[in-house]
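In what follows, chains carry the letters A, B, and so on, assigned in the order in which the sequence lines appear, proteins first and then strands, with residues in each chain numbered from 1. Quick note: numbers below take in every heavy atom, side chains included, and nothing from hydrogens, waters or symmetry partners.
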Protein chains: 2
Amino acid sequence: MSGTHTGVPSVLAHELPRPVPIDELEACPVGELFRRLGDKWSMLLLILLGGRPHRYNELHRAIEGISQRMLTRTLRALETDGLVRREVHPTVPPGVEYSLTPLGRTLLEPVSALADWAVRHEADIREARFRHTGA
Amino acid sequence: MSGTHTGVPSVLAHELPRPVPIDELEACPVGELFRRLGDKWSMLLLILLGGRPHRYNELHRAIEGISQRMLTRTLRALETDGLVRREVHPTVPPGVEYSLTPLGRTLLEPVSALADWAVRHEADIREARFRHTGA
DNA sequence: CTGAATCCGCTATGATACTG
DNA sequence: CAGTATCATAGCGGATTCAG
């Protein structure tokens with residue numbers, strides 16, 4: 001993707017003035033972020049860690065369904081993006097604590113907003129789906 | 001976004017009091033929605049259609065990179081969920097117009113909030129990534 | 001306890017060609 | 001113009017096993 005399109009003005013403006021510079025939208029961080037959070041577990045971990053720090057197996061047990069592979073993978077990805085911090089305590093046995101970084105905490109807000117929407121409009125979507133398939 | 005949450009997602013706060021019964025979160029609409037929107041084009045289309053209604057090929061040209069297959073698939077998925085409306089005008093040649101439903105328009109807000117975050121914190125993430133790989 | 005390594009199926013996405 | 005059908009591929013994600 002190309003550099004700093006400083007503008008990226010009305011990605012959000014509910015009124016997009018002209019033909020929409022999609023080239024930028026496409027390559028812009030928005031899509032990238034959604035891909036990141038769009039995987040099976042990222043947002044779940046964000047919300048979980050948003051509550052309080054967790055140890056590795058604590059997360060593993062809490063999510064109940066995630067494989068070690070994906071848990072580690074997802075945590076590493078979030079860590080790479082600076083959203084999650086990993087702290088190793090040199091105890092015996094070793095304990096690793098995961099928590100949100102300040103950046104991660106700021107992300108928690110819009111994520112929560114979206115989650116909130118999902119909860120509030122769950123019925124609407126279900127109904128729409130039903131009408132599509134059933135009727 | 002939602003008012004008084006001091007760092008803890010309201011969704012969980014009111015439904016997940018303790019050690020967090022994630023089983024529910026897993027099967028809950030939140031994850032489902034993120035999976036939906038997490039694909040490569042859904043959110044892009046939502047934002048595009050949030051600006052104004054578009055015709056099929058108009059979208060195809062605007063996005064420049066999407067295949068007909070995926071454009072159709074994504075639109076259908078959004079339509080199934082009641083987020084996008086498809087209107088066929090019996091003209092010659094046929095014209096099909098896609099637009100957001102009222103439900104879709106409500107979703108546009110939290111989606112925009114997240115997009116906004118992505119734009120504002122693009123640099124932070126880039127830096128975090130750099131520190132991880134480079135140093 | 002906290003992972004890493006390996007194998008493998010599934011699904012999302014793309015390329016291409018064809019249709020009403 | 002607005003799709004559909006078919007084939008091919010890459011990566012996600014799960015199960016299992018091994019290790020510090």
Rounded to whole angstroms, how far apart are CZ on A:Arg86 and P on C:dT2? 10 Å
Residue from A:Arg86, A:Glu58, A:Glu87 passing side-chain hydrogen bond (donor to acceptor under 3.5 Å, both in side chains) with A:Tyr98: A:Arg86
Check whether any side-chain nitrogen or oxygen of B:Tyr98 sits under 4.0 Å from OP1 or OP2 of D:dC1, and answer yes or no. no
Is the shortest heavy-atom distance from the side chain of B:Leu75 to the side chain of B:Trp41 under 4.5 Å? no
Student check: side-chain heavy atoms of A:Ile63 and A:Leu48 closer than 4.5 Å: yes
Separation of B:Phe34 atom CZ from D:dC12 atom P, in whole Å? 18 Å
Could you state the atom-to-atom distance from CG of B:Leu71 to P of D:dT4 in whole Å? 11 Å
What's the NE2-P distance between A:His54 and C:dT2, to the nearest Å? 13 Å
State, yes or no, whether a side-chain contact exists between A:Asp124 and B:Asp81 at a heavy-atom distance under 4.5 Å. no
Is the shortest heavy-atom distance from the side chain of A:Leu45 to the side chain of A:Leu71 under 4.5 Å? yes
To the nearest angstrom, how far is B:Leu59 atom CG from D:dG3 atom C1'? 13 Å
Is the phosphate of C:dT2 approached by A:Arg61 (side-chain N or O, under 4.0 Å from OP1 or OP2)? no
Measure from CZ on B:Arg55 to C1' on D:dA2 and round the result to the nearest Å. 9 Å
Please state whether the phosphate of C:dA4, meaning OP1 or OP2, lies under 4.0 angstrom from any side-chain nitrogen or oxygen of A:Tyr56. no
Take nucleotides 7-20 of chain C nucleotide by nucleotide from the 5' end and write B, S or -, depending on whether a protein heavy atom sits under 4.0 Å from the base, only from the sugar-phosphate, or from neither. B----SBBB-B---
Given atom CG of A:Asn57 and atom C1' of C:dA4, what is their separation to the nearest angstrom? 15 Å
Indicate, with yes or no, if B:Val84 and B:Val88 share a hydrophobic cluster defined by side-chain heavy-atom contacts under 4.5 Å among Ile, Leu, Val, Met, Phe, Trp and Tyr. yes
Between C:dT2 atom P and A:Arg76 atom CZ, what is the distance in whole Å? 12 Å
Using the side-chain hydrogen bond (donor to acceptor under 3.5 Å, both in side chains) criterion, which residues pair with B:Glu79? Sequence neighbours excluded. none
